Amino acid sequence: MIKFFSKAYFSFCRQHYCQKGRVLMNLFYKICIILIIIGGINWGLIGLFSFNLVAWLFGGSAGIAARIVYTLVGIAALCSIPSLFSSSPLES
């Protein structure tokens, strides 16, 4: 009886944590996509109109806030690279 209970309990925990992990990874990839879109729009504006929206919003491209945004966009792009080589972003 105890063996069955512990097996069922661990099975439940594994399913619960796997589902929670999938939700967190899905949220992570959505945040990455949003940051990549922001970066793409910014580069499009720079290329078409020589207007840097991020620098304009955050007080110049050398400002700390603008540099944080640039860094987050770069990290999001790097984190999205594995999704190019898998059929889904959550593939293990």
Side-chain angles (χ1 to χ4, degrees):
M1 181 71 174
I2 293 175
K3 199 175 213 180
F4 172 76
F5 175 73
S6 63
K7 209 177 205 184
Y9 176 74
F10 287 123
S11 176
F12 168 77
C13 288
R14 186 180 61 186
Q15 288 174 350
H16 174 72
Y17 287 117
C18 285
Q19 183 179 14
K20 190 175 180 181
R22 282 189 204 108
V23 170
L24 288 175
M25 286 304 292
N26 198 9
L27 176 65
F28 173 74
Y29 279 112
K30 285 181 182 180
I31 292 170
C32 285
I33 294 298
I34 290 169
L35 287 169
I36 291 169
I37 290 170
I38 290 169
I41 290 171
N42 193 52
W43 275 110
L45 289 171
I46 291 170
L48 292 173
F49 306 111
S50 296
F51 177 68
N52 189 338
L53 180 65
V54 173
W56 181 74
L57 287 174
F58 295 106
S61 61
I64 189 72
R67 291 178 61 195
I68 289 171
V69 171
Y70 296 143
T71 303
L72 289 175
V73 169
I75 291 170
L78 289 175
C79 290
S80 298
I81 290 173
S83 67
L84 293 173
F85 302 105
S86 67
S87 60
S88 74
L90 300 178
E91 186 179 292
S92 16

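Everything numeric in this text was worked out from a predicted model, so none of it was measured.
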For residues 38-47, which side-chain donor-acceptor pairs fall under 3.5 Å, sequence neighbours excluded?
residue, atom, partner, partner atom, Å
Asn42, OD1, Leu53, N, 2.9
Asn42, OD1, Val54, N, 3.2
Asn42, ND2, Asn52, OD1, 3.1

If hydrophobic clusters are built by linking Ile, Leu, Val, Met, Phe, Trp and Tyr wherever their side-chain heavy atoms come under 4.5 Å apart, do [X] and [Y] end up in the same one?
| X | Y | answer |
| --- | --- | --- |
| Val73 | Phe58 | yes |
| Leu78 | Leu72 | no |
| Ile33 | Tyr70 | yes |
| Leu57 | Phe49 | yes |

Would you say that Thr71 contacts Ile75 through its side chain, given a criterion of any heavy-atom pair below 4.5 Å between the two side chains? yes
To the closest 0.5 Å, what do you measure between CG (Leu35) and SG (Cys79)?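 Separation between the atoms: 10.0 Å.
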Work out which heavy atom in Cys32 is nearest to a heavy atom in Ser80; give both atom names and the distance.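 Scanning both residues completely, I find the closest heavy atoms to be CB-OG, 3.7 Å.
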Phe51: ring-ring contact (aromatic ring centres under 6.0 Å, His included) partners, not counting sequence neighbours: Trp56
